[in-house]
There are 2 protein chains.
Amino acid sequence: MQRNTRQRAAILDVLSRQDDFRSAQQIHEQARTDGQGVGLATVYRTLQALAGAGEVDVLVTDDGESIFRQCADAAHHHHLVCRECGRTVEFQAPEMEEWTRQMAARHGFTDVHHTMEIFGLCPDHTAPAADA
Amino acid sequence: MQRNTRQRAAILDVLSRQDDFRSAQQIHEQARTDGQGVGLATVYRTLQALAGAGEVDVLVTDDGESIFRQCADAAHHHHLVCRECGRTVEFQAPEMEEWTRQMAARHGFTDVHHTMEIFGLCPDHTAPAADA
DNA sequence: ATATGTGCAAATGCTTTGCAACGCC
DNA sequence: GGCGTTGCAAAGCATTTGCACATAT
């Protein structure tokens, strides 16, 4: 049901060599650069499938763009992401998990999931001094 | 510099009577229903201004849509939101604030901000039993 | 052989913007 | 009166989809 196409391999290849969160368009361009051209629609479709299968993590940026990453940790975790270059640090927050679960339960919410991501500028992209 | 127009008042009015997170389009429609028609572009522009001024909170849903709400607590806080109706519970997580700050600092990230929202189904919208 | 995947281009949906008319201060 | 504001419609963007063609199994 899930075929082994050249395109799929190309996308997985880009993902496996990418340590940062990247948009579909960036991944598309990268595959293209690697000489493994893939249609943009295919990139979207494949990423969607991978995300659905839990093989890649998806984050929605403040401006509504989805960015993807093949994470090292298969378990549930969160991210510290550079909003400039996508550089990422994975981390877990077990206390938090429990905490949010209780919060949801206390208010009778079901089928919950939470987002908890930290966006900032990594050491290499610290904001230029805004000297007047 | 910020004028008192009928439109602005209409939008603020809708917001003040709205306890849930709503999209710009929903707010636009509501104003319209209230007999206080406002152009959609104006709604977007006004919400953007209000958000920038910190007078309303903005959340980005999983599908990239922005939803707005005039929050009771002016201080930094988080939300438990019903993904079906927008119903919201505000809450704070002081331990978390400190926690994320340290996490960012430890990795040399600056100018950070974090998102931490819980999405689920409120008691009134619990998923229909998926009985086979 | 056949269902699935792919590519293109058109369509979608949210949001932004150009520009002339409008109205607060 | 002047400058921010509004409205409309067009433009912009990321993403999705229809459909004919290619291809993995």
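Below, chain A is the first sequence line, B the second, and so on; all start at residue 1.
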Q: Walk me through it: do B:Q30 and B:T33 pass the test side-chain contact (heavy atoms from CB on, under 4.5 Å)?
A: CA-CA 5 Å; B:Q30 183 60 55; B:T33 300; 4.2 Å; yes

Q) Which pair of heavy atoms, one from B:V89 and one from A:F109, lies closest together, and at what distance? A) CG2-CE1, 4.4 Å

**Q.** Atom-pair distance (CD on B:E65; C1' on D:dT15), nearest Å
**A.** 14 Å

(Q) Test your reading of the model: is there a side-chain donor-acceptor pair from A:D73 to the backbone of A:A75, 3.5 Å cut-off? (A) yes

Atom pairs and distances, donor-acceptor, side-chain atoms in residues 78-86 of chain B, under 3.5 Å, two or more places apart:
from  : atom 1 : to     : atom 2 : distance (Å)
B:H78 : ND1    : B:M116 : O      : 3.0
B:H78 : NE2    : B:H76  : NE2    : 3.3
B:H78 : NE2    : B:E97  : OE2    : 2.9
B:H78 : NE2    : B:H114 : NE2    : 3.4
B:H79 : ND1    : B:E117 : OE1    : 3.0
B:H79 : NE2    : B:D57  : OD2    : 3.3
B:H79 : NE2    : B:H77  : NE2    : 3.1
B:R83 : NH1    : A:D111 : OD2    : 3.4
B:R83 : NH2    : A:D111 : O      : 2.6

Q: Indicate whether the side chain of A:Q102 and that of A:E98 have a donor and an acceptor atom separated by less than 3.5 Å.
A: yes

Q.
Using a strict heavy-atom distance below 4.0 Å, which residues from residues 2-9 of chain A are in contact with DNA chain C?
A. A:Q2, A:R3, A:T5, A:Q7, A:R8

Q) For the residue pair B:Q36 and B:A10, what are the closest heavy atoms and their distance? A) CB-CB, 3.6 Å

Q: Give the first and the last nucleotide of DNA chain C, reading 5' to 3', that has any atom under 4.0 Å from a heavy atom of chain B.
A: C:dC14 to C:dC25

Q | Which atom of B:T88 lies closest to which atom of B:D20, heavy atoms considered | A | N-OD1, 4.1 Å

**Q.** Separation of atom CG in B:D62 from atom P in D:dT15, rounded to whole Å
**A.** 13 Å

Q.
Taking the side chain as everything from C-beta on, heavy atoms only, tell me whether B:P123 gets closer than 4.5 Å to B:R87.
A. yes

Q) On DNA chain C, nearest-nucleotide positions of B:Q25 versus A:A41: which is more 5'? A) A:A41

Q | Step-by-step salt bridge (Lys or Arg N to Asp or Glu O under 4.0 Å) determination, A:R22 to A:E29 | A | CA-CA 11 Å; A:R22 289 287 149 78; A:E29 192 179 346; over 6 Å; no

**Q.** Touch class at under 4.0 angstrom, heavy-atom based, for A:S23 against every strand present
**A.** nothing

Q | Separation of D:dG7 P from B:Y44 OH (nearest whole Å) | A | 15 Å

Name every donor-acceptor pair, under 3.5 Å, that has one atom in a side chain of residues 38-49 of chain A and the other anywhere in the protein, sequence neighbours excluded.
from  : atom 1 : to    : atom 2 : distance (Å)
A:Y44 : OH     : A:Q25 : NE2    : 3.2
A:T46 : OG1    : A:T42 : O      : 2.8

(Q) Check this for me: A:R32, atom CZ, are more than 12 non-hydrogen atoms of other residues, nucleotides or ligands nearer than 6.0 Å? (A) no

(Q) Could you work out how much the helix from C:dA1-D:dT25 to C:dC14-D:dG12 bends, comparing the axis of its first five pairs with that of its last five, to 10°? (A) 30°

Q) How about B:C71 and B:E90: do any of their side-chain heavy atoms sit closer than 4.5 Å? A) yes

Q) Using a heavy-atom distance cut-off of less than 4.0 Å, which residues of residues 45-59 of chain B contact DNA chain C? A) B:R45, B:Q48

(Q) Which heavy atom of B:A93 sits nearest to which heavy atom of A:W99, and what is that distance? (A) CB-CH2, 3.7 Å

(Q) Tell me the interatomic distance from B:Q36, atom CD, to D:dT5, atom P, rounded to whole angstroms. (A) 19 Å

